[in-house]
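Can you keep this structure in mind? I'll have questions shortly.
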Amino acid sequence: MSTQDIRTLVKEKYGQAAVQVTTGGRASCGSTCSGKDPITSDLYQPEETGALPLEALAASLGCGNPTALAQLNPGEIVLDLGSGGGIDVLLSAKRVGPTGKAYGLDMTEEMLALARENQRKAGVENVEFLHGEIEQIPLPANSVDVVISNCVINLSAEKDRVLREAFRVLKPGGRFAVSDVVMRGEMPAAIRRDVELWIGCVAGALEEQEYRTKLTQAGFTEIAVEPTRIYRVEDAREMLSASGIDVDAIAPQVDGKFMSAFVRARKPLRV
């Protein structure tokens, strides 16, 4: 599948998810999910989301809560890559306060419209949603203090470009603090493909060491990968069985290999 095909597929999936929410439903990762999704459920505490529109939470398709894990200080500028319905942008805006600002970047018009409506309902002013791609961020160099993202970088077919762009827009000393799906070790390609489809609809999770290497190549230092949720084969049993895979046979090769992780790094003060 070409880079453009992947981008188009992601755009269509997340546009459909936004429409689901605006028509009174809840976004989901697709037809393979049923019931309580172990990927996207229970990521936010009620005290965090109590003042936000229900649609902001309903549109969340993340795999973590970067706003709870990242250090955000009053007056800072935050950029959320692939901001979706805006939940992490709105939470970030609250933490950086009126002297700070939170940007959300998304390529899907439907999600941007939903996010801006959620911003209006929440009455949050220090927020701006931008239309664009995470591989080409429409902000100047050295302009933000923190880059966050929630299970979006794994969807990009051009991860090196994403990381270079994140590095470019960060101020010297700025922090990269994202939640993402990460793989530990190798597994057969066919099995990986099916598991990835479940993990993130069209996910392309990096292996942990490869993630570290790409961050280093982009210029980052102080790199850390902290597991926040490890996926067991039972979580994906329904989807894998529907794909014709003998789940019990492949369990040793899959179980515990995929995880949600909090990935941290820093742009050096001197580049």
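These values consider heavy atoms only, across backbone and side chains, with no hydrogens, waters or symmetry-generated copies. Computed from a prediction, not measured in an experiment: that's the story for all the values here.
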By the definition side-chain hydrogen bond (donor to acceptor under 3.5 Å, both in side chains), identify the one residue from Asp180, Asp80, Asp88 that meets it with Asn150. Asp88
With a 4.5 Å heavy-atom cut-off, do Pro140 and Val169 have their side chains touching? no
So which heavy atom on Ala93 is nearest to which on Val124, and how close? CB-CG1, 3.8 Å
Looking only at heavy atoms, which two atoms of Leu90 and Ala122 are closest? And how far apart? CD1-CB, 4.4 Å
For Gln209, does its backbone N or O pair with a side-chain atom of Thr213 as donor and acceptor, under 3.5 Å? yes
Under the 3.5 angstrom rule, does the side chain of Arg264 hit a backbone N or O of Ala224 as a donor-acceptor pair? no
What distance do Leu206 atom CG and Lys159 atom NZ have between them, rounded to the nearest 0.5 Å? 5.0 Å
Would you name the heavy atoms of Val181 and Cys151 that are closest together and state the gap between them? CG2-SG, 3.5 Å
Arg175 side-chain N/O to Gln71 backbone N/O, donor-acceptor pair under 3.5 Å: yes
Over all atoms of both residues, closest heavy-atom pair of Pro66 and Ser149: CG-O, 3.6 Å
Rounded to the nearest 0.5 Å, how far does CD of Gln217 lie from NZ of Lys214? 6.5 Å
Sidechain-backbone polar pair: Arg229 side chain, Met259 backbone, donor-acceptor under 3.5 Å: no
Is it true that a side-chain atom of Asn118 and a backbone atom of Gly85 form a donor plus acceptor pair closer than 3.5 Å? yes
Given side chain to side chain contact (heavy atoms under 4.5 Å, CB included), test His131 with Glu109 step by step and report yes or no. CA-CA 7 Å; His131 181 247; Glu109 293 284 4; 3.6 Å; yes
Main chain of Met107, side chain of Glu133: is a donor-acceptor contact present, judged purely on distance under 3.5 Å? no
Hey, any chance Val89 and Val78 share a hydrophobic cluster, counting ILVMFWY side chains that come within less than 4.5 Å of each other, even indirectly? no
Contact check, side chains of Pro227 and Arg184, non-hydrogen atoms, under 4.5 Å: yes
Do the side chain of Lys101 and the main chain of Asn126 share a donor and acceptor less than 3.5 angstrom apart? no
Give a yes or no on whether the backbone of Glu158 and the side-chain of Ser156 come within a donor-acceptor separation of less than 3.5 Å. yes
Can you classify the ring geometry of Phe220 versus Phe167 as parallel (below 30°), tilted (30 to 60°) or perpendicular (above 60°)? perpendicular
Let me check something: do Phe262 and Phe258 share a hydrophobic cluster, defined by ILVMFWY side-chain heavy atoms less than 4.5 Å apart, either directly or through other members? no
d(Leu79 CG, Glu165 CD) to nearest 0.5 Å is 10.0 Å
Within a reach of under 6.0 Å around CD of Gln136, are more than 12 heavy atoms found that belong to other residues, nucleotides or ligands? no
For Val182 and Ala261 the tightest heavy-atom approach is CG2-CB, 3.9 Å
Hydrophobic cluster membership, with links at side-chain heavy-atom distances under 4.5 Å among I/L/V/M/F/W/Y: are Leu130 and Val162 in one? yes
Please enumerate all residues that pass side-chain hydrogen bond (donor to acceptor under 3.5 Å, both in side chains) together with Arg120, with sequence neighbours excluded. Glu117
Same apolar cluster (I L V M F W Y, side chains within < 4.5 Å links), Leu72/Phe176: no
Would the distance check show the side chain of Asp106 and the main-chain N or O of Gly84 forming a donor-acceptor pair, the cut-off being under 3.5 Å? yes
For the atom pair CG (Asn154) and OH (Tyr211), what is the distance rounded to the nearest 0.5 Å? 8.0 Å
Nearest heavy-atom neighbours spanning Phe129 and Ser83: CD2-OG, 3.9 Å
Distance, nearest 0.5 Å, that separates OG of Ser143 from CG of Leu170: 8.0 Å
Hey, could you give me the CD/OG distance between Glu226 and Ser179, rounded to the nearest 0.5 Å? 9.5 Å
Determine whether Tyr103 and Ile148 fall in the same hydrophobic cluster, where Ile, Leu, Val, Met, Phe, Trp and Tyr are linked whenever their side-chain heavy atoms lie under 4.5 Å apart. no
Applying side chain to side chain contact (heavy atoms under 4.5 Å, CB included), run through Asn73 and Val96 and close with a yes or a no. CA-CA 5 Å; Asn73 304 311; Val96 299; over 6 Å; no
Do NZ/NE/NH1/NH2 and the carboxylate oxygens of Arg161 and Glu135 come within less than 4.0 Å? no
Does a side-chain heavy-atom distance below 4.5 Å link Val178 with Leu81? no
Ignoring hydrogens and angles, tell me if any N or O in the side chain of Arg168 forms a donor-acceptor pair with the backbone of Ile137 under 3.5 Å. yes
